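Worksheet for the structure shown next.
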Amino acid sequence: MHVLDRLSDEAKKEFWASLALRCSEGARPRLLAKILRHYGSAYQAYQQLTLQESFAPFDDFVKKVPASFRTVLKHEEWRKSAMQEWQDAQKTDCEVILWTDYRYPLALKQLVDAPLFFYAKGDTGLLSYPTLAIVGARKASGHGKEKAEEIAGELASLGLAVVSGMALGIDQSAHEGALASQGKTIAVLGTGINVVYPKEHTALYRKIAENGLLISEFSPFTKPIAQNFPIRNRLITGISEGVLIVEAALKSGSLITARLALEQNKNVYVCRPSGENHSPGGQKLLEEGALCVDDAYGIIADLVPHLSVQYESLCKKTRQAEQAENAAANQKEKKEERIFAGNTSPSEQKSAEQKKKKSTKNTVKKQEQAQNTVKSVESLPKKTYSAYTILQRPKIDEELLPLSLDFGEMAQSILNKKNPHKKIFQQYKKEARCEQKQKRAKEDVFAEQACEKHGSAHQKALAADNPLVQIVAEQELLTADDIMQTLQEQGIAMDMARLSSELLMLEVEGKIVKEAGARYRVCYE
């Protein structure tokens, strides 16, 4: 189903009003979020901001909105851009999460530049899951990728959804680690919801759409633009309880994400450095006070108190709402008793008594349901340790509160490292090691064959050293285009600019020689 097919008539009005606000010139994210927080919906905001000037004095907030923005809104200069996105959405198989949608995360609304809406593809129920973001360098080391995959798998096996940006390197490993342990993951895209970037992640995109969630605040068919990726980082931190940085350069998007997390009062974690040159950005964060962790258990141990406070606060609000409801019901009953006490006929008194009995039964039934819900929340099952328990979401201002966590006995088991879910992930790691050994064995066989072909021990070392050298060693005198075609057939991601640079470095190191006709061969001297 396409976006518009999933919306009710009221939701379509809200979506169109949201497009009108967002497509108007001068629509800054902070201004739009401020407007939505005041009016509660885009449709109501549009109605008020387009009123005639004579009605403006009756709404003090209108005076705070720039006159130029209101003028553009009234003259409908936004219509062409809004219609284009409306038509693009009509062609896209996904959902739109509007500001008025109960699934819109409450934590996200607290951001000063929260989006008016965003597109979602997959399991939207994950928006109410406890989450942790894992981000890091695109050009990560093998150790960094393994660490990200391991921690993501452990967190996912404990019931947390892993959030990342579906980029190369650490992001990719985080998503794959969560999926491999049969867990959940959320990918926040810097492109349109229906655009896969990078192209190598087509299979990963499909897996996340089937077993996780993809979200994007950009219009469908939006291509990858450098300036959009820092913008999407605030959504990664906005829907997460904390952020784990696994390898980062001093000037990188990962440090931007960490800074955003701190501004949003979120916890920041950094993987323990493995050497002096490991993750200079991560070391800088550690110097600034980020928490150093070795595994998922250190993160969970730090999050437990924070999430417990959330849980207690939510329970307190639930009890207060129930008490207010009961008090209102009691006052209503007393008022009815006073009215019917002295000036009613016997038949009217009998009817009033029947209504009172019926009302009392309904109240008792509601209280019993509430008590059963609280019991189911406060007592985790002893047979299995689940990382979260779904709370009954109280309805306040027609908006459901996001879910929270009660770790209970599970938290204690994690701190003692006795969690049975860890065995599942250990088995996964064992299988992954076996696959890596088999892959290395195949590479060794390839190197030996190349060595036998050219009859040189030196060639064996070269062939095992670099994939480009392997390709040139296997077929002598190849052009750059031939090498690029072979790389694509082997599934190795590399563009022509990077290939040219790599070939030049190999020439400088004396590993390959460029012959006439721009053809390359291995240097055996």
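The first residue in the sequence is number 1, and the count goes up from there. Keep in mind that the numbers below use all heavy atoms, side chains included, and drop hydrogens, waters and symmetry copies. Remember, it's a predicted structure, so these values are computed and weren't measured experimentally.
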Validation row: [X], [Y] side chains within 4.5 angstrom (heavy atoms):
{"X": "R28", "Y": "L32", "result": "no"}
{"X": "L49", "Y": "Y39", "result": "yes"}
{"X": "K199", "Y": "Y205", "result": "no"}
{"X": "I245", "Y": "V243", "result": "yes"}
{"X": "V163", "Y": "I134", "result": "no"}
{"X": "V195", "Y": "T222", "result": "no"}
{"X": "F118", "Y": "P105", "result": "yes"}
{"X": "Q490", "Y": "I471", "result": "yes"}

**OH/Y197: more than 12 non-hydrogen atoms of other groups inside 6.0 Å** =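 Not buried by this count: 12 neighbours or fewer within 6.0 Å.
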
**Request:** Determine whether more than 12 heavy atoms belonging to other residues, nucleotides or ligands lie under 6.0 Å from atom CD of E25.
**Result:**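 Not more than 12 within 6.0 Å, no.
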
Judged by atom type as modelled, is there a donor-acceptor pair below 3.5 Å linking the side chain of [X] to the main-chain atoms of [Y]?
{"X": "E14", "Y": "A42", "result": "yes"}
{"X": "E241", "Y": "L132", "result": "no"}
{"X": "D295", "Y": "G298", "result": "yes"}
{"X": "S24", "Y": "A27", "result": "no"}
{"X": "K266", "Y": "T237", "result": "yes"}
{"X": "S216", "Y": "T191", "result": "yes"}
{"X": "N194", "Y": "F221", "result": "yes"}
{"X": "S81", "Y": "C23", "result": "no"}
{"X": "T486", "Y": "D482", "result": "yes"}
{"X": "T131", "Y": "I239", "result": "yes"}

Looking only at heavy atoms, what is the nearest atom pair of [X] and [Y], with distance?
{"X": "P130", "Y": "G159", "value": "CG-O, 4.1 Å"}
{"X": "L116", "Y": "S18", "value": "CD1-O, 3.5 Å"}
{"X": "W78", "Y": "L73", "value": "NE1-O, 3.0 Å"}
{"X": "I170", "Y": "A140", "value": "CD1-CB, 3.6 Å"}
{"X": "L19", "Y": "W86", "value": "CD1-CE3, 4.0 Å"}
{"X": "C271", "Y": "I151", "value": "SG-CD1, 3.7 Å"}

**Message:** Closer than 4.0 angstrom, basic N to acidic O: yes or no for K12 and D5?
**Reply:**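 Result for this pair is no, no salt bridge flagged.
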
**salt bridge (Lys or Arg N to Asp or Glu O under 4.0 Å) between D171 and K145, worked out** = CA-CA 9 Å; D171 289 20; K145 291 179 181 178; over 6 Å; no

**Message:** We want to know whether S141 and E247 form a side-chain donor-acceptor pair, criterion being a heavy-atom distance below 3.5 angstrom.
**Reply:** yes

Roughly how far apart are [X] [atom1] and [Y] [atom2], rounded to 0.5 Å?
{"X": "L21", "Y": "W99", "atom1": "CG", "atom2": "CH2", "value": "11.5 Å"}
{"X": "Q44", "Y": "T100", "atom1": "CD", "atom2": "OG1", "value": "12.0 Å"}
{"X": "I97", "Y": "I215", "atom1": "CD1", "atom2": "CD1", "value": "9.0 Å"}
{"X": "K147", "Y": "E150", "atom1": "NZ", "atom2": "CD", "value": "4.5 Å"}
{"X": "M484", "Y": "L487", "atom1": "CE", "atom2": "CG", "value": "6.5 Å"}
{"X": "Y119", "Y": "L189", "atom1": "OH", "atom2": "CG", "value": "13.0 Å"}

**Prompt:** When you measure from the centre of the six-membered ring of Y104, is the NZ or CZ of K109 under 6.0 Å away and within 45° of the axis?
**Reply:** yes

**side chain to side chain contact (heavy atoms under 4.5 Å, CB included) between V270 and L291, intermediate numbers included** = CA-CA 6 Å; V270 176; L291 183 64; over 6 Å; no

**Item:** Test log, rule side chain to side chain contact (heavy atoms under 4.5 Å, CB included), inputs T185 and L179
**Value:** CA-CA 7 Å; T185 185; L179 292 171; 3.9 Å; yes

**Request:** Let me see the working for E95 and V3 under side chain to side chain contact (heavy atoms under 4.5 Å, CB included), right down to the final yes or no.
**Result:** CA-CA 5 Å; E95 295 184 62; V3 171; over 6 Å; no

**Request:** I would like to know whether Q172 and H201 meet side chain to side chain contact (heavy atoms under 4.5 Å, CB included); could you show each step before the answer?
**Result:** CA-CA 8 Å; Q172 178 184 359; H201 285 174; 3.2 Å; yes

**Item:** Qualifying salt bridge (Lys or Arg N to Asp or Glu O under 4.0 Å) pairs, either residue in residues 206-228, two or more places apart
**Value:**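 Every pair satisfying salt bridge (Lys or Arg N to Asp or Glu O under 4.0 Å) with a residue in residues 206-228: E217-R234.
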
**Message:** Taking the ring of Y43 and the ring of W16, is the distance between their centroids below 6.0 Å?
**Reply:** no

